[in-house]
Protein chains: 2
Amino acid sequence: MTNRAKTTDDPLPTIGPARVVDETVAALRQAILSGDLRPGQKLSVPALALRMGISRSPVREAVLALTAEGLAVESRRRGVVVTELGLKETDAIHEARGPLEGFATRLAAERGPADLGERLDAILAEQAEAVAAGDEDKYFRTNAAFHSAIAAACDNAEIYRLLVSLEGRMALALRQVAARPGHRESGIEEHRKVVAAIKARDGSGAEAAMRAHLAATRQRVVSTLHPDDRMTVGSGAAE
Amino acid sequence: MTNRAKTTDDPLPTIGPARVVDETVAALRQAILSGDLRPGQKLSVPALALRMGISRSPVREAVLALTAEGLAVESRRRGVVVTELGLKETDAIHEARGPLEGFATRLAAERGPADLGERLDAILAEQAEAVAAGDEDKYFRTNAAFHSAIAAACDNAEIYRLLVSLEGRMALALRQVAARPGHRESGIEEHRKVVAAIKARDGSGAEAAMRAHLAATRQRVVSTLHPDDRMTVGSGAAE
DNA sequence: TATCTACATTTTACATGTAGAATTGCAAGC
DNA sequence: GCTTGCAATTCTACATGTAAAATGTAGATA
């Protein structure tokens, strides 16, 4: 009933951004996640501006945005470099994802849209194709799509925001890992269990399946990055 | 290899940044969290630059940084405004904090530094003073310090990063709530239970106590914001 | 040869310029 | 009364300028 405010209604779809900085962020993010820009590599604003044929302003803003996103880090007065993630950082990301994405999966199962299960099935079908065809890029894209779909389905903008950030950083570290034989197949199998629980609207089961998947991924990452160490990651007091 | 040559290690304390943009971010963040800049208010880059006596470049970068932090939002081509958090958003933040900060509290109890309990006690003592003296600013500062100390003690940089972001946004929404009689006292009592569990190195108990505290806070926020049914804040004649 | 120093180059951080879009103010029209 | 039209103004987004700092490199010195 308080609708009489004359503030902007938003009936129209808000036409595209078409901002140079947005395209620059997208291009740089793609370059980082695809490996064109390697971890540790310097992000020189003048050089990038020259290479992309634009001025330095949008490039600088894009680099700062990626820094805020966690895909790059700045060292005081010495410029910005692509984030390097070691075992310690990767482990920390997984540790953070456990409770957060587990909870998101519970919420998605309990209150997600009706067609969520089908959409996830479609993503997994694509992912299976990618594994069969050995298409690495497609595998990573579908993997990101799977987790992103769940993060969106929990209908909590804050959780979505946090998970997008975490998953972006994960993707940086994951490239060097997933190439091991069996890893991708295992991941798909674990994904299927998550989807099954979501379809059954079993919140607890979905959360458990997601946490199991993340713990397994973490174990695979650890064993790849640090093959000698048979550390048993914190499955002890977890619950 | 990764052999460090005879280059300088880290003998000196890495002299301060002294960057204008850093001071600008700090000043704007302070202005937003203290209420000098109200939710919904426009952040005009030229106006701020003029008022602060600096050029537009660092102001623009600062505003973008605050946007990435979630304290401001940009609407396409119409500039940046201080974030407005309604009941829905505040509720989402609490929902996200539950599992994440609960887990952080568990980790802090299980592997936090030995003097964590004492440090938290000191913070709570200050907070009790603030409540007794009716010092609102001090109450908010100590509250932030309490949660931040736990986030830091869990020894996971990712969790810390996410919680700092969430708690910053919380602080934006919390100002209008905590003034109700009894709220602050209840908060301190719940804090004490968390500290007791941490001192006992009881991870599960600490997690439960923190989640109970967050749930209670959420309930207090809802009961404060809902009766009036004012989903959007600041409808008054702000200027 | 190894180390230091001086110079050239690059880069960051901030300042300023500017086209085009959006907002605002204000008056005419219904 | 409430729109509508249009000029004036403001602001965003991008481009460019520049001092100080950092880096790289060659030459000097031991």
Side-chain angles (χ1 to χ4, degrees), chain A residues 3-28 37 40-68 72-83, chain B residues 3-28 37 40-68 71-83 237-239:
Chain A
N3 285 348
R4 54 182 166 174
K6 58 156 55 173
T7 49
T8 56
D9 303 354
D10 261 322
L12 292 181
T14 312
I15 49 175
R19 294 196 309 179
V20 176
V21 60
D22 293 326
E23 291 176 32
T24 307
V25 168
L28 289 179
L37 290 171
Q41 195 164 338
K42 268 190 61 176
L43 294 176
S44 162
V45 170
L48 289 172
L50 198 63
R51 198 185 312 276
M52 305 178 85
I54 58 181
S55 81
R56 306 187 312 262
S57 299
V59 175
R60 172 169 249 255
E61 286 180 20
V63 167
L64 291 178
L66 291 171
T67 300
V73 290
E74 60 179 330
S75 39
R76 53 111 194 168
R77 287 212 185 254
R78 293 176 67 170
V80 176
V81 300
V82 178
T83 300
Chain B
N3 271 350
R4 298 261 173 224
K6 49 209 83 181
T7 51
T8 57
D9 287 0
D10 268 320
L12 290 183
T14 309
I15 50 175
R19 294 196 309 179
V20 176
V21 61
D22 293 326
E23 291 176 33
T24 308
V25 169
L28 289 180
L37 291 172
Q41 197 164 337
K42 268 192 61 177
L43 295 177
S44 160
V45 171
L48 289 172
L50 198 62
R51 200 185 311 277
M52 305 177 85
I54 57 181
S55 81
R56 305 186 315 258
S57 297
V59 175
R60 173 169 249 255
E61 286 180 19
V63 167
L64 291 178
L66 290 172
T67 300
L71 296 183
V73 290
E74 59 180 331
S75 37
R76 52 108 192 171
R77 287 216 185 249
R78 293 169 82 172
V80 176
V81 299
V82 178
T83 300
E239 223 180 353

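Throughout, protein chains are lettered first and strands after them, A, B, ... in sequence-line order, and every chain is numbered starting at 1. Just so you know, these numbers come straight off a predicted model, no measurement behind them.
Take the nearest nucleotide of DNA chain D for A/Ile54 and for B/Val45: the residue whose nucleotide is more 5' is B/Val45.
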Going through the checks in order, is the side chain to side chain contact (heavy atoms under 4.5 Å, CB included) test met by A/Val73 and A/Val81? CA-CA 6 Å; A/Val73 290; A/Val81 300; 3.7 Å; yes
Report the C-alpha distance between B/Leu48 and B/Leu28 in whole Å, list the side-chain angles of each, state the deciding distance to 0.1 Å, and finish with yes or no for side chain to side chain contact (heavy atoms under 4.5 Å, CB included). CA-CA 10 Å; B/Leu48 289 172; B/Leu28 289 180; 4.2 Å; yes
Could you walk me through whether A/Glu61 and B/Glu61 pass the side chain to side chain contact (heavy atoms under 4.5 Å, CB included) test, one step at a time? CA-CA 7 Å; A/Glu61 286 180 20; B/Glu61 286 180 19; 5.7 Å; no
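Summarising the geometry, the separation between CG on A/Asp22 and C1' on D/dT12 is reported as 13 Å, rounded to the nearest angstrom. Whole-Å rounding puts the A/Lys42 NZ to D/dT23 C1' distance at 8 Å. Rounded to whole Å, atom P of C/dT16 lies 12 Å from atom CG of B/Leu50. The nearest whole Å value for the distance from the CD atom in B/Glu74 to the C1' atom in C/dA22 is 16 Å. Per the geometry, CZ belonging to A/Arg19 stands 21 Å off P belonging to C/dA19, to the nearest Å.
Non-hydrogen atoms lying under 4.0 Å from DNA chain D are contributed by A/Arg56, A/Ser57, A/Pro58, all within residues 56-64 of chain A.
With sequence neighbours left out, B/Glu74 forms a salt bridge (Lys or Arg N to Asp or Glu O under 4.0 Å) with A/Arg19.
Minimum atom distance to the side chain of B/Ser55 is reached by C/dA15, of the listed D/dC14, C/dT11, C/dA15.
For the pair A/Val80 and A/Lys42, the minimum side-chain heavy-atom distance is 4.5 Å or more. Within the 4.5 Å cutoff, no side-chain heavy atoms of A/Leu64 are placed close to those of B/Leu64.
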